[in-house]
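Chain A is the first sequence line, chain B the second, and so forth, proteins listed ahead of strands; every chain is numbered from 1.
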Amino acid sequence: MIGTLAKAAPYVGYVYPNETDIPWSVLIVIYPYITGLVAGAFIVSSLYHVFGMSQFKPVARFALLTAVSFMFFVPMPLLFHLGNPQRAFNAVLTPHWTSAMSAFSYVAGFYVCLLLLEIWFAFRADIVALAKTKAGLAGRIYRLLSLGSDDVSSRALAIDHRFATALAIIGIPSAGGLHGYVGFLFGSVKAREWWSSDLMPIIFLLSAIVSGIGLLVVLYVAYSKARKVPADESVLMGLAKTLWAFLLVVLLIEGLELLEMFYKRLEGIDAVQRLIEGPIRYGMLLQWGCSVGVLVLLSVLILAKVRGRLLVVGMTVAGIAMMIGVLAMRWNVVIGGQELSKTTKGLLTYYPEILGHEGLLAVAIIFLCPFVVLWLITRFLSPWEPEAGKEVSS
Amino acid sequence: MDHQDEEKKPKAENALRRNFLRAVGVGAACAGAWVSKTLPAKSLADETPIPDIPGYDWRKHKWAFGVDATRCIGCLRCVEACKAENGVARDAHHFRTWVERYVYLQGDDQAHVDSQSEPGNIAASGSEQAFRFDNRYQNAPVEKAFFVPKLCNHCTHPACVQVCPTGATYQTKDGVVLIDHSYCIGCQYCVQACPYGAREFNHAMGVTDKCTWCYHRITKGLQPACVEVCPVEARVFGDRNDPESPISRFIKNNRVSVLKPYTGNAPNVFYVGIDKEVS
């Protein structure tokens with residue numbers, strides 16, 4: 001239980017008295033951010049599994065493990081935020097279906113199952129091989145994971161591949177649904193000037209994809225370095241082109257939405273303008289600066305057909321910048337929406353706590369968890385092709 | 001924070017909730033038997049069990065609230081009464097009702113707006129637990145000024161109820177929007193969804209809170225605390241099913257408006273004497 005209000009938000013102008021207690025903290029910034037990373041990583045694996053883009057084959061399985069590692073921690077910030085987390089299952093047992101939020105556990109639960117199934121099919125041959133060769137506890141775990149199957153004939157492997165493809169095909173609309181849902185959660189709140197937009201789901205979805213690709217680039221480069229193998233240039237160039245295409249669409253839609261908003265100048269637009277020039281100005285600078293910067297950088301990398309170390313460095317910078325830009329976007333939406341008073345006569349400023357269960361430290365720890373889990377999973381199930389360098393670690 | 005109030009209220013509400021939940025259980029069983037005997041099948045879905053409140057039938061009332069802003073003198077007794085009656089946190093960030101002051105100075109196009117929770121007014125009252133408006137406009141060239149009491153609008157189409165993931169907040173048959181504190185998970189989606197800023201978070205209990213129109217009083221034939229203490233009858237409450245009730249006459253005899261009608265929430269707090277800037 002929380003006890004008392006940690007920190008009331010300072011404000012200018014007139015805000016409703018209750019608004020100084022900002023309802024959704026930085027935890028709810030990180031929630032759509034983590035969800036988005038999942039969607040993006042998954043899309044990359046689907047580009048190989050469904051669309052047959054073979055340049056992504058080396059990272060397809062890694063992308064799946066990345067997606068599931070982050071997916072495990074999607075509910076974490078939500079649980080930290082609830083006033084009564086022990087009652088979280090009320091929303092599962094008695095979902096109130098007019099609420100978008102009541103679908104969360106079902107959408108997320110379905111998606112986790114789907115990811116786990118797809119991973120099982122993608123890794124089954126490896127698991128069977130490991131179950132046969134490993135002894136002791138590890139061997140027992142692999143045998144358990146193989147679920148009694150040991151057929152690695154080419155016919156069985158072809159069936160595995162078909163299942164993985166089918167699951168990936170179901171997975172694409174599911175990933176879209178998962179993140180479109182998050183966008184709907186915000187876009188459907190008509191009380192909030194800065195959220196209420198029909199374009200919110202699509203903006204969330206597309207920005208999710210670019211952030212996830214960014215994450216995958218960074219992780220892929222880091223893992224290559226750790227494995228002491230050169231990062232595959234065709235993977236990086238493929239990711240560069242994919243990121244470029246999605247990023248262009250995000251920027252166009254976000255830009256057009258702002259343009260329409262300011263062209264129409266409906267009631268409340270002055271307040272929106274003050275919000276952009278005020279509490280979220282640095283966030284907006286980061287979001288737009290990173291996005292446009294990455295688009296330019298990628299254009300140069302693609303046009304100049306950059307290769308080698310320069311490509312690795314360029315893509316790492318692009319990946320990190322993309323992740324920062326989308327994180328800033330999540331902040332601008334989630335926090336910005338609440339900093340704009342429902343009176344449209346005032347602006348609040350949210351200052352996150354450092355410690356405390358809704359503080360920056362908690363957020364940092366939650367965000368680190370998926371990286372640790374991913375590292376553990378890749379130790380246990382290597383997603384890399386054997387010829388790419390190292391043997392399966394034990 | 002006033003511990004006595006804090007503790008008293010949850011207990012009272014717990015009893016109400018227990019009774020209500022018991023009624024839901026018993027009512028569901030009885031309603032099933034009764035409905036199958038007496039009613040055509042299509043009414044089944046409409047038949048919500050009647051809460052077990054002695055002498056009260058929620059199907060027989062349709063509550064509504066009126067605010068005559070031309071009468072309000074900004075004394076803030078309503079705010080004080082509400083905090084005491086409902087055990088609302090005694091700070092400047094949690095209110096079930098509040099009062100806004102709108103002041104137009106000569107030559108100004110836009111109003112200067114503040115409420116009792118604004119720092120200047122807290123300095124004037126000396127504490128977050130006492131309420132008064134300061135005298136900042138004493139020597140200013142005021143052209144027009146008025147007070148506007150605010151509270152939950154108990155909307156006909158409440159966005160807060162729509163977004164609640166568990167159904168912990170719900171609409172009663174008599175037109176009141178309530179929260180089941182034993183079922184609320186504390187996600188605060190309803191706080192976001194309310195266009196009027198009427199919902200606040202009860203940090204002690206980890207649940208959302210808001211004005212209930214003093215449901216524990218009105219179901220006993222009493223007036224809401226804020227209406228009871230208003231010295232100028234700026235607040236009006238009653239049953240719209242009764243054409244002679246104060247609220248029915250208030251709506252009949254005045255040209256009333258509601259706040260933010262464009263949200264589609266269809267509020268049930270009706271205002272007289274508010275200005276275009278009031279939202």
S.K.: Check whether A/K342 gets within reach of chain B through its side chain, its backbone, both or neither, counting any heavy atom under 4.5 Å.
M.R.: both
S.K.: Between A/Y11 and chain B, with a heavy-atom cut-off of 4.5 Å, which part of the residue counts as in contact: side chain, backbone, both or neither?
M.R.: side chain
S.K.: If we define contacts as heavy-atom pairs under 4.5 Å, which of A/H96, A/K190, A/R192 has the most with chain B?
M.R.: A/H96
S.K.: Tell me whether A/R330 forms a cation-pi arrangement with A/F204, defined as NZ or CZ under 6.0 Å from the six-membered ring centre and within 45 degrees of its axis.
M.R.: yes
S.K.: Say whether, by atom type as modelled, one donor and one acceptor occur between the side chain of B/E128 and the main chain of B/A92 under 3.5 angstrom.
M.R.: yes
S.K.: Under a 4.5 Å cutoff for heavy-atom pairs, which residue among B/V278, B/D114, B/I185, B/T208 has the most contacts with chain A?
M.R.: B/I185
S.K.: Does a side chain donor of either B/T169 or B/R199 reach within less than 3.5 Å of an acceptor in the other side chain?
M.R.: yes
S.K.: Find the distance between CZ (A/F73) and CG (A/L368) and round it off to the nearest 0.5 Å.
M.R.: 10.5 Å
S.K.: Given the options A/P23, A/A191, A/S102, which has more heavy-atom pairs under 4.5 Å with chain B than any of the others?
M.R.: A/P23
S.K.: Out of A/T343, A/L185, A/I28, return the one with the most heavy atom pairs under 4.5 angstrom to chain B.
M.R.: A/L185
S.K.: Is A/S188 in contact with chain B via its backbone, its side chain, both, or neither, using a 4.5 Å heavy-atom distance?
M.R.: side chain
S.K.: Given the options B/C164, B/G264, B/A168, B/A198, which has more heavy-atom pairs under 4.5 Å with chain A than any of the others?
M.R.: B/C164
S.K.: Is a side-chain donor-acceptor pair under 3.5 Å present for A/Y350 with A/S25?
M.R.: no
S.K.: What part of A/L93 gets closer than 4.5 Å to chain B, counting heavy atoms only: side chain, backbone, both or neither?
M.R.: neither
S.K.: Between A/W24 and chain B, with a heavy-atom cut-off of 4.5 Å, which part of the residue counts as in contact: side chain, backbone, both or neither?
M.R.: both
S.K.: Using non-hydrogen atoms only, which part of B/A111 is less than 4.5 Å away from chain A: side chain, backbone, both, or neither?
M.R.: neither
S.K.: With a cut-off of under 6.0 Å to the ring centre and 45° to the axis, is B/K83 in cation-pi contact with B/F95?
M.R.: yes
S.K.: Out of B/C187, B/S117, B/G167, B/A193, return the one with the most heavy atom pairs under 4.5 angstrom to chain A.
M.R.: B/C187
S.K.: Would you check if there is a donor-acceptor pair between the side chains of B/Q192 and A/Q338 at a distance under 3.5 Å?
M.R.: yes
S.K.: Report yes or no: is the cationic atom of B/K144 (NZ for Lys, CZ for Arg) under 6.0 Å from the centre of the six-membered ring of B/Y104, at an angle within 45° of the ring normal?
M.R.: yes
S.K.: Most heavy-atom pairs under 4.5 angstrom with chain B, which of A/T94, A/V15, A/N18?
M.R.: A/N18
S.K.: Is a donor from one side chain sitting under 3.5 angstrom from an acceptor on the other, for B/N265 and B/T156?
M.R.: no
S.K.: For chain B, find which of A/V92, A/T98, A/L78 contributes the most heavy-atom pairs closer than 4.5 angstrom.
M.R.: A/T98
S.K.: Which region of B/Q116, side chain (C-beta onward) or backbone (N, CA, C, O), has a non-hydrogen atom less than 4.5 Å from a non-hydrogen atom of chain A, or is it both or neither?
M.R.: side chain
S.K.: Examine whether an atom of A/A91 lies under 4.5 Å from a heavy atom of chain B, and if so say whether it belongs to the side chain, the backbone or both; otherwise answer neither.
M.R.: both
S.K.: Distance-only, no hydrogens or angles: does the B/Y271 side chain make a donor-acceptor pair with backbone N or O of B/P149 under 3.5 Å?
M.R.: yes
